[in-house]
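In what follows, a single structure is set out as structure tokens and then discussed.
Order of listing sets the numbers, starting from 1, for every ligand and every atom in it.
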Amino acid sequence: MRSTNRLATALAVVATLVTGIYALPKVTRTGRYLYTEDGTRFYIKGVAYQEQGELSTDPNNPFLEPSSFVDPLADANACKRDVPFLQQLGVNTIRVYSVDSSLNHDSCMADLSSAGIYTIIDLSLPVNGSIDRLSPSWSTNLLDLYIRSIDVFSKYDNVLAYNVGNEVVIGPQGSDAATYIKAAARDVKAYLTSKSSSALVGYAAIDGDNTWLDPLANYLSCDIANANSGDNSIDLFGLNNYEWCGDASASAYASKNGAFAGYNVAAYFSEFGCITSPPRLWTETQALFSSPMSDIWSGGLAFSYFPATSSQGQFGMVTISSDGSTVTTSDDFDRLKTQYGLLSPPNSPSQSGAGAATYPSCPAQNSSFIASTTLPPTPNDAACACLQNNLACQFTPKTSNVSGIVGPLLDTGCSLLGGVGGNCNEIGGNGSTGVYGRVSFCDPSTKLSFVMSEFYEANNRNPQSCDFSGNATINKNAPSSIANANAAASSCLANPSATFTPSAPATASGGSQTGGSGSGSGNGNNNNNNNNGAMSMGGQQAMLGVIAAMVISVVGGALTVL
Ligand SMILES: *[C@@H]1O[C@H](CO)[C@@H](O)[C@H](O)[C@H]1NC(C)=O
Ligand SMILES: *[C@@H]1O[C@H](CO)[C@@H](O)[C@H](O)[C@H]1NC(C)=O
Ligand SMILES: *[C@@H]1O[C@H](CO)[C@@H](O)[C@H](O)[C@H]1NC(C)=O
Ligand SMILES: *[C@@H]1O[C@H](CO)[C@@H](O)[C@H](O)[C@H]1NC(C)=O
Ligand SMILES: *[C@@H]1O[C@H](CO)[C@@H](O)[C@H](O)[C@H]1NC(C)=O
């Protein structure tokens with residue numbers, strides 16, 4: 001036996017050397033704690049790792065959120081440059097805020113894995129790639145974006161978790177957006193399960209008053225059906241916490257410890273490292289990684305390896321030379337390295353003593369937290385593509401910067417529709433009443449085509465009412481059997497509130513021109529429209545320029561710094 005084992009071990013070592021595969025042990029959640037495969041408790045000892053993109057100057061965006069990003073896991077040279085410093089720092093996890101699924105990540109992910117470093121990957125992107133906190137929805141374009149990233153990263157052994165959102169809810173007002181976050185967690189979890197992935201599903205929250213933060217955390221980990229099921233629960237709640245400033249004391253965390261003392265899934269600090277009382281001493285790590293905090297939290301991530309500007313000042317532990325070739329560490333880096341090196345968090349409770357997972361009922365709605373337990377449905381690509389193909393008037397942008405015009409055009413379209421007695425309820429949703437329009441899960445372009453079609457039809461298909469300054473085109477392939485946009489929705493969205501396990505999107509992007517087997521000769525109503533077009537156009541022109549209250553274009557999302 002003994003010699004066989006030795007031989008097997010020797011062969012395994014050889015295989016490892018030959019193939020270069022150094023599989024990191026899987027990290028899974030048992031109850032509220034994380035464990036590696038051998039039953040050792042796992043604490044996230046990490047650092048945020050992403051260079052800051054261009055900062056948004058939108059006055060509606062008070063958080064200095066970026067308007068662009070550079071995927072740090074697609075830059076093989078930068079990873080080779082930085083991994084030795086991440087190792088010096090002693091981290092076992094990095095958090096990356098935005099990735100580009102069209103790029104290759106093999107080199108960085110392999111280098112990180114070899115260094116024993118896991119990744120927490122935020123699936124959202126700046127601008128139009130996150131759940132918009134001002135006008136939230138959980139829609140096909142976001143689901144597809146998230147799935148594409150998961151598909152690219154699921155082959156690596158060192159993805160610890162995927163975050164479905166960062167700082168989407170920032171207070172009682174707008175906490176209805178939690179319904180969309182929870183729906184995203186539900187669908188991403190189902191997708192990961194269908195791929196046999198054990199990666200955790202997370203959310204990272206901005207810190208705030210416990211009266212809304214506590215219900216938000218409990219809501220994201222509760223079971224809407226009161227069946228103690230984890231199907232609609234996150235696994236990992238991240239708190240972006242900057243409460244410990246300078247050489248504070250453990251009492252800095254008393255309130256948050258109290259709020260999370262009985263939490264049912266894993267929680268950690270998805271960012272920490274206050275900059276308002278410099279220098280940063282990083283003494284909070286001693287508190288966070290020892291009892292009693294280690295009973296409540298599974299570690300945290302220091303913000304940030306790279307320089308990052310915020311309204312409170314400058315973050316960062318290294319500077320990179322202008323040619324990108326060298327790293328200069330700061331005293332901040334050295335102090336964190338020293339503090340991380342001193343940690344020996346308790347290996348308790350044991351995995352068998354961690355207790356079975358429980359998923360309590362959801363917090364009641366009140367004025368501090370207004371999210372309904374009726375979640376939005378799973379976005380359905382096929383249904384939205386069918387709808388788009390069957391609509392009489394289609395959004396046909398002439399620019400590639402679609403995200404720059406779709407919001408203003410929706411505002412215009414909804415206000416025009418309001419002027420002819422219609423409304424935009426079908427494309428909207430209400431996370432506090434739990435009522436979602438049938439078209440609410442479609443991507444913004446399909447929503448816009450729906451609104452344009454309703455307006456066009458309300459104007460008796462006057463061709464000029466399917467123009468929108470050159471942004472819309474009459475769909476000659478729309479089937480004549482489908483009377484109008486409402487009928488198209490009924491036909492394509494037969495079960496608009498369904499939840500199901502999503503599948504990977506088709507590789508071709510949306511807005512396809514296929515389908516529509518109807519006659520090529522237009523539709524029966526056209527005759528009327530040709531006669532009385534000019535009059536209704538006068539009314540439309542007058543309404544153009546009306547600023548609707550509905551704003552779709554502003555973003556909630558990625559890499560937010562206090
Ligand atoms: C709402 O409920 C939460 C607990 O879920 C509580 O902390 C908060 O104080 C309540 N807010 C109000 C206004 O009652
Ligand atoms: C964001 O907008 C760009 C172009 O404006 C588009 O290519 C991309 O698919 C959009 N992303 C999402 C998630 O909607
Ligand atoms: C897209 O359009 C918006 C709104 O006009 C603008 O702010 C943004 O800079 C544009 N983006 C690109 C990449 O051109
Ligand atoms: C949702 O509905 C409630 C009750 O009708 C209303 O007060 C609230 O403004 C609505 N929210 C949104 C985002 O439309
Ligand atoms: C399309 O709509 C945008 C936003 O309202 C507008 O700026 C543009 O001029 C319109 N026409 C074309 C052809 O892009």
Apply side chain to side chain donor-acceptor pair (under 3.5 Å) to Thr309 and Gln314, showing your working. CA-CA 5 Å; Thr309 303; Gln314 185 68 27; 3.2 Å; yes
Is a donor from one side chain sitting under 3.5 angstrom from an acceptor on the other, for [X] and [Y]?
X: Asn166; Y: Arg95; value: yes
X: Ser139; Y: Asp443; value: no
X: Asn240; Y: Glu167; value: yes
X: Asn232; Y: Asp223; value: yes
X: Lys256; Y: Asn210; value: yes

Contacting atoms of ligand 4, where contact means under 4.0 angstrom from a heavy atom of Ser432: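 Reading through ligand 4 atom by atom, the close ones are 1 (C).
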Taking 4.0 angstrom as the limit and counting only heavy atoms of Ser367, give me the atoms of ligand 1 inside it, by number and element.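 Contacts of ligand 1 toward Ser367, numbered from 1: 13 (C).
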What atoms of ligand 1 come within less than 4.0 Å of a heavy atom belonging to Pro215?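 Reading through ligand 1 atom by atom, the close ones are 3 (C), 5 (O).
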Closest approach of any protein heavy atom to [atom], naming residue and atom:
atom: atom 6 (C) of ligand 3; result: Asn401 ND2, 4.2 Å
atom: atom 3 (C) of ligand 4; result: Asn430 ND2, 3.5 Å
atom: atom 4 (C) of ligand 4; result: Thr433 CG2, 3.8 Å
atom: atom 5 (O) of ligand 3; result: Gly404 O, 4.1 Å
atom: atom 11 (N) of ligand 1; result: Ser368 OG, 2.7 Å
atom: atom 1 (C) of ligand 1; result: Asn366 ND2, 1.4 Å
atom: atom 7 (O) of ligand 1; result: Thr211 CA, 3.8 Å

Do you know the tightest heavy-atom contact between Ser270 and Gly238? OG-C, 3.0 Å
Output yes when a protein non-hydrogen atom is found under 4.0 Å of atom 14 (O) of ligand 3, and no otherwise. yes
Heavy-atom protein contact below 4.0 Å for atom 9 (O) of ligand 3: no
So among Tyr253, Tyr33, Phe269, which one has a ring-ring contact (aromatic ring centres under 6.0 Å, His included) with Trp297?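 Answer to the ring-ring contact (aromatic ring centres under 6.0 Å, His included) test with Trp297 among Tyr253, Tyr33, Phe269: Phe269.
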Under 3.5 Å between some N or O of ligand 4 and some N or O of Asp176? no
